[in-house]
Amino acid sequence: MDQSFVIQEILAEGENCVIAVQCLVLVDNVIESRLLGLVERTKEHALFVFTHRRMAITGEDVTLYDIFPISNDFAVVEVSSADELSFVGADTRVRLNFQDGDLEVRLPFGSHSRLFLSEVNKAWSDVCKSPKEAPKFEWLHKYRKASKGQGGVKQTLAPLGTTHTKISQHKETGNSLNAVSRSPVEGNKRVNSGVERPRVESGPESQGKVKREGWDELKREGRHDLVRQSSHTASNKATMLAMPQFGLRDNLIRCELLKNEDIYTYLENFSFFIGTYNVNGQTPKESLRPWLGSTSTPPDMYCVGFQELDLSKEAFFFNDTPKETEWMKAVSEGLHPDAKYALVKLVRLVGIMLLFYVRNEHAKHISEMEAETVGTGIMGRMGNKGAVAIRFRFHNSDICVVNSHLAAHIEEYERRNQDYKDICSRLLFRQHDPALVPLTIMKHNVVLWLGDLNYRLSDLDVDDVKDLIAKKDFETLHSYDQLKRQIDEKAVFVGFVEGEIGFLPTYKYDTGSDQWDTSEKCRVPAWCDRILWRGKNVRQLHYQSHMDLKTSDHKPVSSLLEMGIKLVNEESYKNTFEEIVRSLDKMENECIPSVTLSRREFHFIDVKFMQHQAETLTLHNDGQVPCQFEFIQKLDERTYCKPWLTANPAKGFIAQGGNVDIDLEVFVNRSTATELNAGRQQIEDILVLHLDRGKDYFLSVSGNYLPSCFGSSIQTLCQLRDPIQEMPLETIRELGELFQQPGLRSEFVEIRDCLDTGMPDSLPGSNHSVAEALLIFLDALPEPVVPFSLYQQCLECCSNTSQCKKVVSLLPQCHKNVFNYIAAFLRELLKHSTHNSLDVNILATIFAALLLRSPTKQDLAEKRKTQEFFQHFLVQDLS
């Protein structure tokens with residue numbers, strides 16, 4: 001995950017954190033976690049090194065430790081040993097050199113680290129191009145003067161140019177940074193990694209330290225994560241061709257290889273054990289062997305998912321929990337005893353965790369491992385619900401595994417549907433070449449989806465359900481299952497398959513027993529915990545729950561899948577490859593690329609705030625050669641399109657005679673609504689589609705926007721006597737568990753349309769949808785409720801109640817009315833805090849960020865002051 005936004009919070013205006021990555025350093029035989037950020041100002045770059053508290057979420061969580069200016073003396077050297085380079089799962093070990101000092105770091109697995117190194121290399125290359133114009137780095141001097149307590153930055157820097165902490169006292173021979181990203185063909189030293197390192201201690205004094213012995217302990221337990229690299233066989237040549245240094249020709253070769261894959265591959269069956277378990281915040285109390293070791297023969301791979309790993313507030317806010325290690329250890333000890341396994345990847349979002357193990361003998365065939373997470377909580381930002389996922393290539397098959405925890409409560413099946421769709425649209429995997437379009441979940445040969453999907457049994461009361469369970473009439477019971485009904489209606493999981501359910505519902509039990517819920521709520525039993533798959537050549541061998549485990553109020557579920565994996569015949573691959581190269585050599589430079597466009601004009605009717613619209617453009621390659629296309633920016637413009645418009649994909653490749661569909665998507669949000677509401681911008685744009693070695697095509701985009709109260713100023717809205725969509729544009733031009741659980745997007749659309757077209761007696765939708773609509777409305781105001789002109793006064797008087805009230809009295813009347821009404825409404829909510837789980841801190845955090853927005857970048861200290869200011873208006877005794 002890119003944590004550059006954390007560093008950005010503490011930087012001065014004009015300074016930009018280009019990219020950040022978490023790493024490990026070894027100091028005095030103690031492994032410490034650091035956050036590295038590449039910071040740029042006026043074409044000068046420096047590496048900022050931070051210590052951090054747990055997972056860095058805000059600027060308060062990081063402390064500036066050191067700075068490495070990127071000058072002529074700067075260098076990054078790869079110092080991984082030969083043994084380390086033979087592992088897919090090993091970290092990339094590099095040394096940062098500056099003058100006569102250095103710092104050795106271990107960068108974690110994945111494309112993000114490669115992208116980080118690429119950006120650093122680019123910054124260093126820019127310096128080398130102008131050796132006579134040495135950067136001065138005057139903007140770094142202020143950080144040396146910073147002291148503890150100022151903006152959350154604690155200064156521990158030595159003067160620039162002095163010797164830094166040395167990890168090794170002797171110079172090691174190593175490859176330059178350029179070697180990190182070179183082709184595997186050139187040196188067989190490219191490093192892939194999917195490794196999770198030992199968890200750091202979270203105590204206040206440890207500052208992310210872990211004893212060196214921790215590494216050895218993991219290895220002794222057989223959980224060392226290190227997966228031996230395969231030789232560069234045909235099965236991972238696609239990785240080579242995806243590297244940035246390969247151009248159009250290699251894209252053509254890759255495309256032709258994919259088209260002819262059946263010629264040089266054959267299928268071989270491998271077994272995948274898929275398991276899911278909602279542990280209800282508990283710690284392991286029993287062996288997991290009855291669940292994980294339940295197969296007669298050891299599986300080839302394990303994909304094990306957990307939900308509600310930790311229900312504490314600390315886990316939610318800091319994404320750090322000791323239960324990660326506890327459950328990982330329990331899983332490692334519960335795997336089938338007749339085989340040796342390596343942990344390839346662990347990924348977690350709050351309480352949702354996924355572990356991926358493979359048998360040692362298969363590890364060398366794992367490549368292109370990536371992991372991503374997505375939260376689906378309030379306003380799409382909270383991680384208490386959502387998904388974690390991995391994708392990898394095994395031999396020549398691409399596989400994606402998703403572990404999700406969807407919205408709860410029996411009546412919320414539409415919210416679960418929305419969560420599923422959000423996960424599918426927002427969870428994207430970077431490719432090795434950053435220029436390539438990220439991979440979606442469905443862009444894989446096989447997708448495995450597991451988790452607490454939370455779909456319940458509808459239209460039956462608890463006694464009827466228990467009666468059918470007693471008769472073991474699971475077929476009848478399954479007909480009332482919400483997930484089955486939603487799949488039958490093609491609302492979710494289109495193309496997925498679930499095996500026949502022949503086991504008891506997995507929820508809800510009294511913890512520690514096999515008894516159904518005897519609490520006051522007496523939950524209706526349900527199959528909340530499910531496993532589905534999508535793809536060809538997959539056969540399910542078993543699908544069952546495991547009643548022996550009683551730690552949680554859920555029962556774990558497992559599925560054993562036999563999967564046909566594509567293996568490569570090396571001789572056939574070689575012949576196919578050579579034939580493709582000969583064919584390309586023959587036709588290269590003979591023809592100019594050419595495409596036919598299905599249309600060149602696109603009109604979007606009645607565009608609305610936060611409502612997605614899309615039109616499809618189909619490109620047909622009618623030329624004699626494959627071609628590469630890209631939308632390019634017009635003269636004197638920074639991007640290829642207006643901010644409310646995107647083309648997906650914006651670049652790509654079309655085989656000879658092939659077609660590509662491009663979605664032109666319009667989406668108006670808070671950043672673009674104001675100009676469109678006022679008529680200063682229209683839905684109009686010209687796109688330039690460029691063919692590599694070919695000509696340009698021009699596309700016309702037009703449409704009409706329906707003005708909305710979202711993105712309009714309070715002053716404007718107070719002067720409207722009719723619904724905004726009934727007002728002439730000229731008139732508009734002349735005019736100046738609430739709040740914690742997300743609403744339904746479909747209900748937000750109804751609320752927005754209701755506000756824009758005329759207010760009825762009551763707003764449609766649930767309380768949660770109305771509450772989220774209020775937050776979106778406040779966030780979209782071009783001038784916040786407390787105008788920018790009074791922002792500084794609010795900060796200065798934040799600790800004085802009477803002074804705060806005086807500032808509010810200065811607000812324009814319409815702004816003051818809105819402010820007072822919102823504060824009164826929230827105070828009323830707080831009177832019932834024992835029932836709605838709200839408190840002053842939660843409401844102040846949410847609403848201060850919306851009511852008091854900074855006219856410039858807001859630092860952490862200012863955020864705290866705005867919260868303190870607004871808290872005065874939430875306390876009960878306010879007169």
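The basis for the numbers below is simple: all heavy atoms, side chains too, and nothing from hydrogens, waters or symmetry mates. For the single chain, residues carry numbers from 1 onward in sequence order.
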Do other residues, nucleotides or ligands put more than 12 heavy atoms under 6.0 Å from the CD atom of Glu601? no
Flag yes if more than 12 heavy atoms outside Arg41 fall under 6.0 Å of its CZ atom; otherwise flag no. yes
Tell me yes or no: between the side chains of [X] and [Y], is some donor less than 3.5 Å from an acceptor?
{"X": "Thr646", "Y": "Asn648", "value": "no"}
{"X": "Asn659", "Y": "Thr618", "value": "no"}
{"X": "Glu862", "Y": "Tyr791", "value": "yes"}
{"X": "Asn841", "Y": "Gln871", "value": "yes"}
{"X": "Gln482", "Y": "Arg416", "value": "yes"}
{"X": "Asp663", "Y": "Thr616", "value": "yes"}

Look at Glu119 together with Lys122 and state whether they make a salt bridge at an N to O cut-off of under 4.0 Å. yes
I'd like to know if Lys634 and Asp696 make a salt bridge, using a cut-off of under 4.0 Å between side-chain N and carboxylate O. no
State whether the side chain of [X] and the backbone N or O of [Y] hold a donor-acceptor pair below 3.5 Å, judged by distance alone.
{"X": "Gln682", "Y": "Gly679", "result": "yes"}
{"X": "Asp756", "Y": "Ser708", "result": "no"}
{"X": "His872", "Y": "Cys798", "result": "yes"}
{"X": "Thr757", "Y": "Asp753", "result": "yes"}
{"X": "Asn704", "Y": "Asp606", "result": "yes"}
{"X": "Ser598", "Y": "Leu617", "result": "no"}
{"X": "Gln8", "Y": "Glu15", "result": "yes"}
{"X": "Asn677", "Y": "Phe710", "result": "yes"}
{"X": "Arg745", "Y": "Arg415", "result": "no"}

Leu664 vs Leu687, test: side chain to side chain contact (heavy atoms under 4.5 Å, CB included). Steps then yes/no. CA-CA 10 Å; Leu664 299 184; Leu687 299 182; 3.8 Å; yes
Taking all non-hydrogen atoms of both residues, which atom of [X] and which atom of [Y] are closest, and how far apart?
{"X": "Leu11", "Y": "Asn16", "result": "CD1-C, 4.1 Å"}
{"X": "Leu874", "Y": "Ala844", "result": "CD1-N, 3.9 Å"}
{"X": "Phe869", "Y": "Cys804", "result": "CD1-SG, 3.4 Å"}
{"X": "Gln803", "Y": "Asn800", "result": "N-OD1, 3.0 Å"}
{"X": "Lys608", "Y": "Tyr705", "result": "C-CE1, 4.0 Å"}
{"X": "Ala491", "Y": "Asn417", "result": "CB-ND2, 4.0 Å"}

Spatial distance of atom [atom1] ([X]) from atom [atom2] ([Y]) [nearest 0.5 Å]:
{"X": "Asn454", "Y": "His409", "atom1": "CG", "atom2": "NE2", "result": "8.5 Å"}
{"X": "Leu349", "Y": "Thr376", "atom1": "CG", "atom2": "OG1", "result": "9.0 Å"}
{"X": "Thr42", "Y": "Glu40", "atom1": "OG1", "atom2": "CD", "result": "7.0 Å"}
{"X": "Asn669", "Y": "Phe609", "atom1": "CG", "atom2": "CZ", "result": "7.0 Å"}
{"X": "Leu744", "Y": "Glu750", "atom1": "CG", "atom2": "CD", "result": "9.5 Å"}
{"X": "Leu781", "Y": "Leu778", "atom1": "CG", "atom2": "CG", "result": "6.0 Å"}

A side-chain contact here means heavy atoms from C-beta on lying under 4.5 Å apart; do [X] and [Y] qualify?
{"X": "Arg430", "Y": "Glu372", "value": "yes"}
{"X": "Leu406", "Y": "Ile423", "value": "yes"}
{"X": "His815", "Y": "Glu783", "value": "yes"}
{"X": "Gln633", "Y": "Thr639", "value": "no"}
{"X": "Ile822", "Y": "Leu851", "value": "yes"}
{"X": "Pro784", "Y": "Leu850", "value": "no"}
{"X": "Phe847", "Y": "Leu852", "value": "no"}
{"X": "Glu615", "Y": "Glu665", "value": "no"}

Derivation of the salt bridge (Lys or Arg N to Asp or Glu O under 4.0 Å) call for Arg680 and Glu675: CA-CA 5 Å; Arg680 291 187 290 271; Glu675 295 294 299; 3.2 Å; yes
Test log, rule side chain to side chain contact (heavy atoms under 4.5 Å, CB included), inputs Tyr640 and Ile632: CA-CA 5 Å; Tyr640 71 85; Ile632 60 173; 5.8 Å; no
For Glu9 and Lys863, what are the C-alpha separation, side-chain angles and deciding distance, and is it a salt bridge (Lys or Arg N to Asp or Glu O under 4.0 Å)? CA-CA 11 Å; Glu9 285 192 14; Lys863 286 181 181 178; 3.3 Å; yes
Using ring-ring contact (aromatic ring centres under 6.0 Å, His included) as the criterion, point out the one residue from Trp449, Tyr413, Tyr455 that pairs with Tyr420. Trp449
Can a cation-pi geometry be assigned to Arg600 and Tyr697, taking NZ or CZ under 6.0 Å from the six-membered ring centre and within 45° of the ring axis? no
Between Lys865 and Glu868, is the salt bridge (Lys or Arg N to Asp or Glu O under 4.0 Å) condition met? List the steps. CA-CA 5 Å; Lys865 288 181 178 180; Glu868 185 179 358; over 6 Å; no
Passes side chain to side chain contact (heavy atoms under 4.5 Å, CB included), Phe667 versus Met610? Steps please. CA-CA 6 Å; Phe667 187 77; Met610 286 188 68; 4.0 Å; yes
Could you go through Leu597 and Leu699, starting from their C-alpha distance and side-chain angles, then the distance that decides it, and tell me whether this counts as side chain to side chain contact (heavy atoms under 4.5 Å, CB included)? CA-CA 10 Å; Leu597 282 65; Leu699 309 178; 3.3 Å; yes
Evaluate salt bridge (Lys or Arg N to Asp or Glu O under 4.0 Å) for Lys385 paired with Asp419, printing each intermediate quantity in order. CA-CA 8 Å; Lys385 293 293 190 292; Asp419 285 350; over 6 Å; no
Below 6.0 angstrom between ring centroids: does that apply to Phe653 and Phe629? no
Take the angle between the ring planes of Phe873 and Phe819 and call it parallel below 30°, perpendicular above 60°, tilted in between. perpendicular
